[in-house]
Amino acid sequence: MQKLIAAVTVCFALFLLWIIYLANTGQPSIFFDFVRRIPNGDKLGHVLLFGCLTLGAIITTGFRCFGLLAGRLKVYWGTAGVLVFVLVEELTQQFFPSRTMDINDLIADAIGISLFTLLAFAMNTLRKRQQVNS
């Protein structure tokens, strides 16, 4: 199951990179047209796309964490990776005439990353309980 989730996550990441390429180069896409038709579709898309990427990255990395603040705060490697990716992607938009750097996109990304990190934490807690009870 882990390998399947990893493969799906890699494919999803490649899909996101393709969408970012289309946006950076100002090319049209059926996805952009679809998002425009939904109220707040852009922000909802940011929440769901980067949230799902985060969940996939956390599962793919086996729920591994590293410690911050002298080890008192545990951070999933998958969360950190997606967060860095999102920050770089949003900050580089200023170099593309077809893009606009938007703090609201970053907020939507952070909401998605946070919600799906909490979901991963709940899944991992449940998984550990099931292992103890087996």
Side-chain angles (χ1 to χ4, degrees):
M1 184 62 119
Q2 177 92 5
K3 288 182 181 181
L4 175 61
I5 292 172
V8 169
T9 300
V10 168
C11 289
F12 188 66
L14 291 172
F15 168 75
L16 287 178
L17 288 171
W18 176 64
I19 292 294
I20 290 167
Y21 169 77
L22 291 177
N24 286 349
T25 57
Q27 296 183 47
S29 167
I30 190 170
F31 301 108
F32 301 149
D33 296 337
F34 176 73
V35 166
R36 278 189 213 100
R37 291 188 178 118
I38 301 170
N40 296 311
D42 178 51
K43 303 309 175 241
L44 181 62
H46 278 265
V47 169
L48 294 175
L49 291 173
F50 290 108
C52 289
L53 183 62
T54 300
L55 181 61
I58 292 169
I59 295 170
T60 297
T61 57
F63 297 90
R64 288 189 187 87
C65 296
F66 62 93
L68 288 178
L69 303 173
R72 291 181 293 174
L73 176 64
K74 301 290 184 190
V75 178
Y76 289 116
W77 279 104
T79 299
V82 173
L83 186 58
V84 167
F85 173 76
V86 161
L87 288 171
V88 168
E89 196 281 323
E90 193 66 36
L91 292 172
T92 59
Q93 287 183 14
Q94 62 188 328
F95 302 111
F96 296 95
S98 61
R99 303 296 302 271
T100 312
M101 200 169 103
D102 183 2
I103 189 69
N104 293 323
D105 285 350
L106 272 175
I107 291 169
D109 296 338
I111 290 169
I113 290 167
S114 299
L115 289 175
F116 282 76
T117 296
L118 289 172
L119 176 60
F121 178 78
M123 290 170 58
N124 195 34
T125 301
L126 182 62
R127 181 178 66 97
K128 287 179 180 179
R129 283 186 191 154
Q130 289 175 343
Q131 287 175 347
V132 168
N133 292 334
S134 310

Look up atom CZ in Phe32 and atom CG in Asp42, then write down how far apart they are to the nearest 0.5 Å. 10.0 Å
In Å and rounded to the nearest 0.5 Å, what is the CG to OG1 distance from Leu49 to Thr54? 10.5 Å
Same cluster for Val35 and Phe15 if Ile/Leu/Val/Met/Phe/Trp/Tyr side chains link at under 4.5 Å? no
Decide whether Leu44 and Phe34 are clustered together by the hydrophobic rule: side chain heavy atoms of Ile, Leu, Val, Met, Phe, Trp, Tyr closer than 4.5 Å, transitively. no
Could you list all the salt bridge (Lys or Arg N to Asp or Glu O under 4.0 Å) pairs where at least one residue sits in residues 117-126, not counting sequence neighbours? none
Answer whether the closest heavy-atom distance between the side chains of Phe116 and Leu119 falls below 4.5 Å. yes
First locate atom CD1 of Ile59, then atom CG of Leu4, and finally report the distance between them rounded to the nearest 0.5 Å. 10.5 Å
Scanning both residues in full, the closest heavy-atom pair of Ser98 with Gly26 reads OG-N, 3.5 Å
What do you reckon, is CG of Asn40 surrounded by more than 12 foreign heavy atoms closer than 6.0 Å? no
Closest heavy-atom pair and its distance - Ala6, Thr60: CA-OG1, 3.4 Å
In Å and rounded to the nearest 0.5 Å, what is the OG1 to CD1 distance from Thr92 to Ile20? 8.0 Å
Grouping I, L, V, M, F, W and Y whenever their side-chain heavy atoms are under 4.5 Å apart, do Met123 and Ile113 come out in a common cluster? yes
May I have the list of side-chain donor-acceptor pairs in residues 62-86 shorter than 3.5 Å, sequence neighbours left out?
residue, atom, partner, partner atom, Å
Arg64, NH1, Thr61, O, 2.8
Arg72, NE, Leu69, O, 3.2
Thr79, OG1, Thr117, OG1, 2.9

More than 12 heavy atoms from other groups under 6.0 Å of CZ on Phe121: no
My understanding is that only residues two or more places apart in sequence, or in another chain, count here; which of them pass side chain to side chain contact (heavy atoms under 4.5 Å, CB included) with Ala108? Lys43, His46, Val47
CD1 of Ile111 to CG of Leu48: how many Å apart, nearest 0.5 Å? 11.5 Å
For residues 25-37, pull every pair meeting side chain to side chain donor-acceptor pair (under 3.5 Å), keeping only residues two or more places apart or in separate chains. Thr25-Gln27, Asp33-Arg36
Check the hydrophobic clustering (I, L, V, M, F, W, Y; side-chain heavy atoms under 4.5 Å; chains of links allowed) and say if Leu17 and Phe96 are grouped together. no
Interatomic spacing from CG in Leu55 to CZ in Phe50 - rounded to 0.5 Å: 15.0 Å
Would Tyr21 end up clustered with Ile30 when hydrophobic side chains under 4.5 Å apart are linked, directly or stepwise? yes
Inter- and intrachain pairs under salt bridge (Lys or Arg N to Asp or Glu O under 4.0 Å), touching residues 120-134, at least two apart: none
Just grab all the side chain to side chain donor-acceptor pair (under 3.5 Å) pairs involving residues 80-91, residues at least two apart or on different chains. Glu89-Gln93, Glu89-Arg99, Glu90-Gln93
